[in-house]
Asker: 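Would you mind keeping the following structure in view while I ask a few things?
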There are 2 protein chains.
Amino acid sequence: MQDLLFDFISKYVSLSEEEKNAIVSLNLFRSVKKGTILLQEGQKSRESYFVLKGCIRTYYLIDSEEKTTAFYTEMEALTPPSVISKTPSEYYISCIEDCILLVSNSDMEAEVNSKFPKFEIMCRKLSEELLAKERMDFDEFKTSSPEQRYLNLLQSRPDLIQRVPQHQLASYLGIQPQSLSRLRARILEKKS
Amino acid sequence: MQDLLFDFISKYVSLSEEEKNAIVSLNLFRSVKKGTILLQEGQKSRESYFVLKGCIRTYYLIDSEEKTTAFYTEMEALTPPSVISKTPSEYYISCIEDCILLVSNSDMEAEVNSKFPKFEIMCRKLSEELLAKERMDFDEFKTSSPEQRYLNLLQSRPDLIQRVPQHQLASYLGIQPQSLSRLRARILEKKS
DNA sequence: ACATCTTGTTCACTTAAGTTAAGAAAGACG
DNA sequence: CGTCTTTCTTAACTTAAGTGAACAAGATGT
């Protein structure tokens, strides 16, 4: 499991054994059961998550309806906006599968960053990359119809369609579950 | 004009006079006329932009239609995804007003970052903050209707509605110009 | 001053998504 | 095993956005 992490890190910076040990000694790994809620609306948190195995989901409760906005799966990282802005969270984070996560908190990150400048560099590169990716995803969402978005998701993250309940997927695509169902039927019809 | 920049930077790190001079000596300031295209689809670029005055816009050409996805105004920064991924750009960047920009390129950033670790820190903080902001904007977009999005934009960036052509705004809201027109009429009717 | 292009609005019509309700299928649990 | 819940689909109806066309107002250019 640790190897997965170090493989990931090696894409950004190369670590010495000493640095690797420093990370391991922080004891960041945590196993979490399906259904666990990692963060609740209104809660102040300082935790960031990195998914080693499993899938976590962020959602808002609007008019007592869950609005799912993101899924994070293997090798994806999430620092909630509320951690950056130091305000109460506007959304929930929950595990939709049994997960193995890496959990860090901002105090610890600050300490590690100042002790090992390489981490600072890695964090910058990763944030820049994630920002670029997020902007592309947002652009794609804006410029396409629900049906196109579904087809695109089928291409880019086919695993999600298998492992995630339809009504959460629908919400993620910005539509109602019934619309997703109908849209899928429409696509099947076109193919035949 | 430089003061605006240093005021902005001071929100992230505090610079010594020497460091400020180092920045000034890089000669990053550039005045650009309305209508100038800063980046074209298919082009490889290494430039990042920081808007000191004016407004720049990113758009895609899809089926010979312009799809506007973002506006960057005073004190906002843009590093195109294509610069991060080192691939040809998928979109255009153009100035919709006369602008004063700060233009940097990635080689130069790398050099400054390694010379002044403070810059590395600033870049990380800024990227993290922008990522958090982008995710919140994306979430808001996903969870609301075109009408809600327009009303929200009216709240959060009322200046945009004044300074940007309606058809570009419509595209930015993910709808057709006619729909925006209708939606605005609907809102006016409700108020009365 | 005139022609042209861009921009924004309106209208009629089409298409797709929202809504409400009902029922089938799959899982969870005692 | 049956009961209860969650999940998914289908259908009928409503609402809103897409589409194509026409028109008016402004800006641009010659």
Side-chain angles (χ1 to χ4, degrees), chain A residues 33-37 55 57 59 61-68 71 92 94-98 141-154 160-192, chain B residues 33-37 55 57 59 61-68 71 92 94-98 141-154 160-192:
Chain A
K33 276 258 164 306
K34 173 177 175 173
T36 307
I37 294 193
C55 179
R57 140 185 180 256
Y59 64 94
L61 255 190
I62 301 176
D63 303 330
S64 65
E65 287 257 311
E66 288 187 4
K67 300 267 190 177
T68 298
F71 300 102
Y92 296 78
S94 91
C95 301
I96 62 175
E97 297 174 0
D98 290 347
F141 193 94
K142 269 188 203 166
T143 56
S144 48
S145 67
E147 185 171 330
Q148 287 174 311
R149 294 201 287 263
Y150 175 77
L151 289 170
N152 195 298
L153 190 67
L154 210 55
L160 275 191
I161 288 160
Q162 301 307 319
R163 65 207 284 193
V164 164
Q166 297 283 319
H167 65 281
Q168 290 176 11
L169 260 190
S171 181
Y172 177 66
L173 293 169
I175 57 178
Q176 299 298 312
Q178 296 93 321
S179 297
L180 176 56
S181 217
R182 179 170 39 195
L183 173 165
R184 279 158 57 100
R186 199 164 59 220
I187 291 171
L188 274 179
E189 220 176 81
K190 280 183 195 166
K191 277 190 186 168
S192 63
Chain B
K33 276 256 163 309
K34 173 177 175 173
T36 306
I37 294 193
C55 180
R57 139 184 180 257
Y59 64 94
L61 255 190
I62 300 176
D63 302 330
S64 66
E65 287 257 310
E66 288 186 6
K67 300 268 192 176
T68 298
F71 299 101
Y92 295 78
S94 90
C95 302
I96 62 174
E97 297 174 359
D98 291 346
F141 193 94
K142 269 189 203 165
T143 56
S144 49
S145 66
E147 184 171 332
Q148 286 173 311
R149 293 200 288 263
Y150 175 78
L151 290 170
N152 195 297
L153 190 67
L154 210 55
L160 275 192
I161 288 159
Q162 300 308 319
R163 65 205 284 194
V164 164
Q166 297 283 319
H167 67 279
Q168 290 175 9
L169 260 190
S171 181
Y172 177 67
L173 293 169
I175 58 176
Q176 298 298 312
Q178 296 94 320
S179 298
L180 176 56
S181 214
R182 180 170 37 197
L183 175 164
R184 280 158 56 99
R186 198 164 61 221
I187 290 171
L188 273 179
E189 219 175 82
K190 279 182 195 166
K191 276 190 187 167
S192 64

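Worth saying up front: this structure is predicted, and the values here are computed from it rather than measured.
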Asker: Less than 4.5 Å apart, any side-chain heavy atom of Lys142(B) and any of Tyr172(A)?
Answerer: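 In short, these two side chains touch, coming nearer than 4.5 Å.
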Asker: Tell me the interatomic distance from Arg149(A), atom CZ, to dA16(C), atom C1', rounded to whole angstroms.
Answerer: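 Rounded to whole Å, this separation is 12 Å.
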Asker: In degrees, rounded to 10°, what is the bend between the two ends of the helix from dA1(C)-dT30(D) to dG30(C)-dC1(D), using five pairs at each?
Answerer: 50°
Asker: Leu188(B) CG to dT10(C) C1': how many Å, rounded?
Answerer: 15 Å
Asker: Go through Ser94(A) and Tyr59(A) one step at a time and tell me if the side-chain contact (heavy atoms from CB on, under 4.5 Å) criterion holds.
Answerer: CA-CA 8 Å; Ser94(A) 91; Tyr59(A) 64 94; 4.0 Å; yes
Asker: So what does Pro165(B) hit on the nucleic acid, given a heavy-atom distance under 4.0 Å: a base, only sugar-phosphate, or nothing?
Answerer: sugar-phosphate
Asker: Just by protein heavy atoms under 4.0 Å, how would nucleotides 17-30 of chain D read 5' to 3' in B, S and -?
Answerer: BBBBB---------
Asker: Rounded to the nearest angstrom, tell me the gap between atom CZ in Arg163(A) and atom C1' in dT7(D).
Answerer: 19 Å
Asker: Can you give me the closest heavy-atom contact between Leu180(B) and Ala170(B), atom names plus distance?
Answerer: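 Smallest interatomic distance, heavy atoms only, reads CD2-N, 3.7 Å.
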Asker: Looking only at heavy atoms, which two atoms of Gln166(B) and Ile161(B) are closest? And how far apart?
Answerer: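 Residues Gln166(B) and Ile161(B), closest heavy atoms: NE2-O, 4.4 Å.
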Asker: With a 4.5 Å heavy-atom cut-off, do Arg182(B) and Gln176(B) have their side chains touching?
Answerer: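 The answer is no; the side chains never approach within 4.5 Å.
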Asker: Report the distance from atom CD1 of Ile96(A) to atom C1' of dG27(C), rounded to the nearest whole Å.
Answerer: 16 Å
Asker: I'd like to know if the side chain of Arg149(A) and the backbone of Phe141(A) have a donor-acceptor N/O pair within less than 3.5 Å.
Answerer: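 Yes; at least one donor-acceptor contact below 3.5 Å.
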Asker: Could you state the CG-C1' distance from Leu180(A) to dG18(C), rounded to the nearest angstrom?
Answerer: 14 Å
Asker: Going by heavy atoms in the side chains, are Lys34(A) and Ile96(A) under 4.5 Å from each other?
Answerer: no
Asker: What integer distance in Å separates Gln162(A):CD from dC8(D):P?
Answerer: 12 Å
Asker: Can you measure Ile187(A) atom CD1 to dA16(C) atom P for me and round it to whole angstrom units?
Answerer: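 Rounded to the whole Å, the gap is 12 Å.
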Asker: List in chain and number order the residues that pass salt bridge (charged side-chain N to carboxylate O under 4.0 Å, His left out) with Arg163(B), two or more places apart in sequence or in another chain; answer none if no residue qualifies.
Answerer: Glu74(B), Glu97(B), Asp159(B)
Asker: Between Phe71(A) and Gln168(A), is a side-chain contact (heavy atoms from CB on, under 4.5 Å) present by the stated rule, with each step listed?
Answerer: CA-CA 10 Å; Phe71(A) 300 102; Gln168(A) 290 176 11; 4.0 Å; yes
Asker: So, OP1 or OP2 of dT6(D): does either fall under 4.0 Å of a side-chain N or O from His167(A)?
Answerer: no
Asker: Could you check how far CZ of Arg184(A) sits from C1' of dT9(D), rounded to whole Å?
Answerer: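 Those two atoms, CZ and C1', are 10 Å apart.
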